Amino acid sequence: MPVALVTGGGGGIGAAICARLAASGYSLVVADLDLDAAERVAKECGGTAVRADVADPAGNADMVARALDTHGALDLLVLAAGIQSDVPPDPGVDLARYRRALGVNLDGVVFGVDAALEALERSGGQIVAVASLAALGPEQANPVYALTKAAVVGYVRALSTPLAPRGVRINALCPGFTDTPFLGITGRLLRKQKIPLLSPDEVAAAVEAVAAGAGTGEAWALIPGRPAARHEFPALPPALRADGTEVVLKPFLSAK
Ligand SMILES: NC(=O)c1ccc[n+]([C@@H]2O[C@H](COP(=O)([O-])OP(=O)(O)OC[C@H]3O[C@@H](n4cnc5c(N)ncnc54)[C@H](O)[C@@H]3O)[C@@H](O)[C@H]2O)c1
């Protein structure tokens, strides 16, 4: 049985991902800051619950250790834990909120990958990070949130190259507004304006579809009413030397 670890698995999109993956035959490790919520989901999925704050490297190490102790391997890491930034686009950034948003939404991805990498290398496994449409289009209302999610997409795209020879794939899914407690009062406003929302299960299905593909370093947009679509980033023009000849900019790896 393949083994999946889902961060933020205790609620919303993460819980829907756990349910889908369990139905598809995965053994589940449900990691969440809220242990009661993780235990509820783990009970429903027949999985293992672990309390982890993804902003803390030790929390990430613990959740991976639990997966390996309990199931002996890790095949799929889904990084779904995330929070609203609640940092308004006004002068006077609330430092604590700003740091917490970066801690959960960005450090949670970097530390999660770091903790799981050796195990994923052994299994030829993969990572799906849940970013957001806010990473791909302007999100004027919540720039700090958009910053964290754009950084996740940039990290996924850059990291895919050094991970490829190690046999580990990494992709990002960028869903639009999804009907979970995460939306708070925004959810009520969106519903009032009849703006369609994704269901958590639609997002979970897209995570599963991305995981079933063969690509790496991709960002998939998920827009209500439309199938998930790979986002195409425009190619950069070549650099020009002083003599006018072109140099194609290619990613390069350290010589280590
Ligand atoms: N709901 C949306 O409209 C929407 C849209 C696009 C992307 N997203 C992203 O999808 C992911 C899941 O969002 P959701 O709507 O399910 O949110 P949610 O609030 O319903 O659930 C998030 C879960 O993450 C957990 N969590 C929060 N901080 C954590 C931490 N530090 N460590 C471990 N677990 C933590 C919470 O306890 C909760 O169970 C997030 O990354 C969010 O940014 C959400």
Side-chain angles (χ1 to χ4, degrees), residues 5-20 29-42 44 49-64 66 77-86 97 99-112 115 127-137 139 141-142 144-153 155-156 172-191 195-204 206-207 210 219-224 228:
L5 192 166
V6 181
T7 71
I13 291 169
I17 293 169
C18 289
R20 267 218 169 235
V29 179
V30 185
D32 204 288
L33 192 58
D34 180 343
L35 181 59
D36 290 344
E39 282 175 339
R40 271 196 302 279
V41 173
E44 283 161 23
V50 55
R51 185 191 177 278
D53 181 352
V54 298
D56 175 9
N60 286 279
D62 285 351
M63 72 187 186
V64 172
R66 178 69 78 84
L77 173 66
V78 182
L79 299 164
I83 57 170
Q84 289 278 15
S85 71
D86 292 328
R97 285 182 181 178
R99 296 264 185 248
R100 187 65 185 154
L102 266 65
V104 179
N105 295 0
L106 183 51
D107 295 352
V109 169
V110 176
F111 298 159
I127 302 154
V128 180
V130 179
S132 167
L133 272 189
L136 305 179
E139 151 75 67
N142 215 335
V144 169
Y145 178 74
L147 174 156
T148 64
K149 295 300 185 175
V152 167
V153 169
Y155 192 63
V156 163
L173 178 73
C174 300
F177 290 124
T178 308
D179 197 0
T180 73
F182 179 91
L183 287 180
I185 54 161
T186 308
R188 252 178 286 151
L189 294 175
L190 293 169
R191 272 186 288 272
I195 292 174
L197 303 178
L198 294 161
S199 72
D201 187 55
E202 284 175 291
V203 181
V207 165
V210 169
W220 286 76
L222 185 62
I223 296 173

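Read the numbers this way: they start at 1 and go in the same order the structure lists the ligands and their atoms. None of these values were measured; they are calculated from a predicted model.
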Practice prompt. Using a 4.5 Å cut-off on heavy atoms from C-beta on, say whether the side chain of Arg66 contacts that of Asp62.
Written response: no

Discussion item. Are Val30 and Val6 packed together at the side-chain level, in the sense that at least one heavy-atom pair is separated by less than 4.5 angstrom?
Written reply: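 No. Closest side-chain heavy atoms not under 4.5 Å.
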
Practice prompt. Would you list the pairs meeting salt bridge (charged side-chain N to carboxylate O under 4.0 Å, His left out) in which at least one residue belongs to residues 172-184, sequence neighbours left out?
Written response: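 Pairs touching residues 172-184 that pass the test: Asp179-Arg191.
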
Practice prompt. Output yes when a side-chain donor or acceptor of Asn105 lies under 3.5 Å from a complementary backbone atom of Ile83, and no otherwise.
Written response: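 Side chain of Asn105 to backbone of Ile83: a pair is present.
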
Item to complete: Using the test side chain to side chain contact (heavy atoms under 4.5 Å, CB included), find all partners of Pro224 that sit at least two apart in sequence or belong to another chain.
Response: Pro196, Leu198

Ligand 1 polar-atom proximity to protein (N/O, under 3.5 Å):
unit_1, atom_1, unit_2, atom_2, d
ligand 1, 1 (N), Thr178, O, 3.2
ligand 1, 1 (N), Thr180, OG1, 3.2
ligand 1, 3 (O), Thr178, N, 2.8
ligand 1, 3 (O), Thr178, O, 3.4
ligand 1, 15 (O), Thr180, OG1, 2.5
ligand 1, 16 (O), Ile13, N, 2.7
ligand 1, 31 (N), Asp53, OD1, 2.9
ligand 1, 31 (N), Arg100, NH2, 3.4
ligand 1, 32 (N), Ala52, O, 3.3
ligand 1, 32 (N), Val54, N, 3.0
ligand 1, 34 (N), Leu33, N, 3.2
ligand 1, 37 (O), Asp32, OD1, 2.5
ligand 1, 39 (O), Gly11, N, 3.2
ligand 1, 39 (O), Asp32, OD1, 3.4
ligand 1, 39 (O), Asp32, OD2, 2.6
ligand 1, 41 (O), Ala80, O, 3.1
ligand 1, 41 (O), Lys149, NZ, 2.9
ligand 1, 43 (O), Tyr145, OH, 2.7
ligand 1, 43 (O), Lys149, NZ, 3.0

Worksheet entry | For Thr180, all residues meeting side chain to side chain donor-acceptor pair (under 3.5 Å), sequence neighbours excluded |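 Expected list: none.
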
